[in-house]
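The first residue of the sequence shown is numbered 1, and numbering continues consecutively from there.
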Amino acid sequence: MRVEFFGVRPEEKSYLEGKIPVDCSFSADIISPEKLPDQSRSDGLCVFIDSTVNGAVMDRFPNLKFIATRSTGYDHIDLAEAKKRGIAVSTVPSYGENTVAEFAFGLILALSRKIYSAADQVKETGSFAIEGLRGFDLLGKTIGIVGTGRIGRHSIKIAKGFGMDVIAYDPFPNEASAKELGFKYVSMDQLLKDSDIVTLHVPYSKETHHLIDAGALSKMKPTSIIINTSRGGIIDTDALTNALRDKKIAGAGLDVLEEEGAVKDEVAFLEKNHPDAAELRTILEDDALERMPNVIVT
């Protein structure tokens, strides 16, 4: 058996080499329909979220039997096409369960305490004035956790450490975890209405595409903030930009953006003959979000 790894950083290659008892090759390149790999007789393919594996990519691997993604999310792999071809697909369910939860709270604290604004003011102007930089305590605030998988549950544990009241929404409630960790499940509408902070921990799919749209944002408090460390497409960028601009919500912490691939690889995007109008609009809105003082984009 032969397995090809793509999107591998040097430290990952050093770690993986010699640990896998099959013939392996490692490449730093990502693969996608726009960056097709050479024809290969390999049986297995291992990628990360920056690669896209669809039918055109699978055609380059006629012997392909198995695809592994080094992530929890799998929206970059065409599961229907893999199933049609009899190709098994695996993910890493426990990937970053504490890492992502901790990062979400890093964004929460940066916004709640206006840490970035304060640091930027000192660096840019040398001013230590506190006007406009007073934040708010997390103690006693209500946090709404959307998605109570491994990352969501770890976020709940951290929130409890801050003395927060925790409510959650999940289409498949885990009542045993609710009892163990001391939180309660509510409807999505109730969560949006009652939360001071909403943090998203769901996979991206057709069911979660634009889960947070204009209607959802209109239900939130004008003093509330939203955090997204899952996938950009879960929030409607146009609706979020408008809600922030119109002060319908107070802030956003975003580790992901819609069309972030184009944002990261501007050259490839500009080389496209006919960029999609909606895609271009979203990219411009991403840029507008990045410039807002009440938004942190990482």
Side-chain angles (χ1 to χ4, degrees), residues 49 73 75 100-101 103-117 120 135-136 141-147 151-152 155 167-169 187-264 266 269 275-298:
I49 57 173
D75 51 288
V100 177
F103 196 87
F105 267 84
L107 291 172
I108 291 170
L109 288 166
L111 286 165
S112 68
R113 289 298 173 189
K114 302 194 177 183
I115 293 170
Y116 178 82
S117 298
D120 188 57
F136 63 86
K141 294 294 190 295
T142 297
I143 186 169
I145 309 285
V146 181
I151 295 170
S155 299
I167 56 178
Y169 169 77
S187 69
M188 187 67 174
D189 283 356
Q190 194 70 40
L191 181 144
L192 293 167
K193 179 178 171 234
D194 291 348
S195 297
D196 299 296
I197 296 163
V198 173
T199 180
L200 307 174
H201 301 289
V202 295
Y204 181 69
S205 66
K206 63 181 180 180
E207 289 79 19
T208 60
H209 175 72
H210 288 182
L211 176 68
I212 305 299
D213 57 11
L217 291 162
S218 71
K219 297 181 175 95
M220 293 175 64
K221 301 177 184 181
T223 55
S224 64
I225 63 175
I226 190 163
I227 306 295
N228 189 10
T229 55
S230 47
R231 290 290 188 274
I234 292 165
I235 299 181
D236 181 338
T237 307
D238 184 47
L240 178 61
T241 305
N242 290 334
L244 288 160
R245 189 174 287 134
D246 298 339
K247 296 182 168 40
K248 292 180 179 177
I249 65 171
L254 310 170
D255 188 48
V256 286
L257 295 167
E258 278 195 280
E259 307 301 347
E260 63 184 31
V263 174
K264 290 176 182 174
E266 294 167 336
F269 175 74
D276 180 83
E279 184 182 17
L280 183 57
R281 178 184 174 88
T282 301
I283 290 168
L284 292 172
E285 286 168 340
D286 285 345
D287 184 65
L289 282 173
E290 291 168 20
R291 296 172 187 272
M292 289 182 174
N294 54 344
V295 177
I296 295 177
V297 178
T298 53

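Side-chain contact between Ile212 and Met188: present, with at least one pair of heavy atoms (C-beta onward) separated by less than 4.5 Å.
Looking at Asp213, its side chain never comes within 3.5 Å of a backbone N or O of Asp236 through a donor-acceptor pair. Under a 3.5 Å cut-off, the side chain of Thr208 and the backbone N or O of Leu211 do not form any donor-acceptor pair.
In this structure, Asp194 CG and Ile143 CD1 are separated by 13.5 Å, a value rounded to the nearest 0.5 Å. Once rounded to the nearest 0.5 Å, the distance linking OG1 of Thr199 with CZ of Phe105 reads 7.5 Å. Here the CD1 atom belonging to Ile225 is positioned 9.0 Å from the CD1 atom belonging to Ile249, to the nearest 0.5 angstrom. The CD atom of Glu258 lies 3.5 Å from the OG1 atom of Thr237; values are rounded to the nearest 0.5 Å. The distance from the OG atom of Ser117 to the CD1 atom of Ile296 is 7.0 Å, given to the nearest 0.5 Å. Rounded to the nearest 0.5 angstrom, Ile197 CD1 and Thr223 OG1 are separated by 10.0 Å.
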**Report entry** Worked verdict on Leu217 versus Lys248 for side chain to side chain contact (heavy atoms under 4.5 Å, CB included)
**Finding:** CA-CA 7 Å; Leu217 291 162; Lys248 292 180 179 177; over 6 Å; no
**Report entry** side chain to side chain contact (heavy atoms under 4.5 Å, CB included) assessment of Met292 paired with Thr241
**Finding:** CA-CA 9 Å; Met292 289 182 174; Thr241 305; 3.8 Å; yes
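None of Leu257, Val256, Leu240 except one satisfies the side-chain contact (heavy atoms from CB on, under 4.5 Å) rule with Ile235; the exception is Leu240.
Residue-environment remark: OH (Tyr116) stays at or below the threshold of 12 foreign heavy atoms within 6.0 Å. For Lys221, the NZ atom counts as densely surrounded, since its 6.0 Å shell holds more than 12 non-hydrogen atoms of other residues, nucleotides or ligands.
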Just distance, no hydrogens or angles: give the donor-acceptor pairs under 3.5 Å from side chains in residues 226-234, sequence neighbours left out.
from: Asn228; atom 1: OD1; to: Ser230; atom 2: N; distance (Å): 3.1
from: Asn228; atom 1: OD1; to: Ser230; atom 2: OG; distance (Å): 2.7
from: Asn228; atom 1: ND2; to: Arg231; atom 2: O; distance (Å): 3.0
from: Arg231; atom 1: NE; to: Asp75; atom 2: OD1; distance (Å): 3.0

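Of all the heavy atoms in Pro222 and Lys247, the pair that sits closest is CB-O, 3.8 Å.
Thr142 meets the side chain to side chain contact (heavy atoms under 4.5 Å, CB included) test with Asp165, Ile167, Ser195, Asp196; sequence neighbours excluded. By the ring-ring contact (aromatic ring centres under 6.0 Å, His included) test, His209 is found to be paired with Tyr204, residues two or more places apart in sequence or in another chain being considered.
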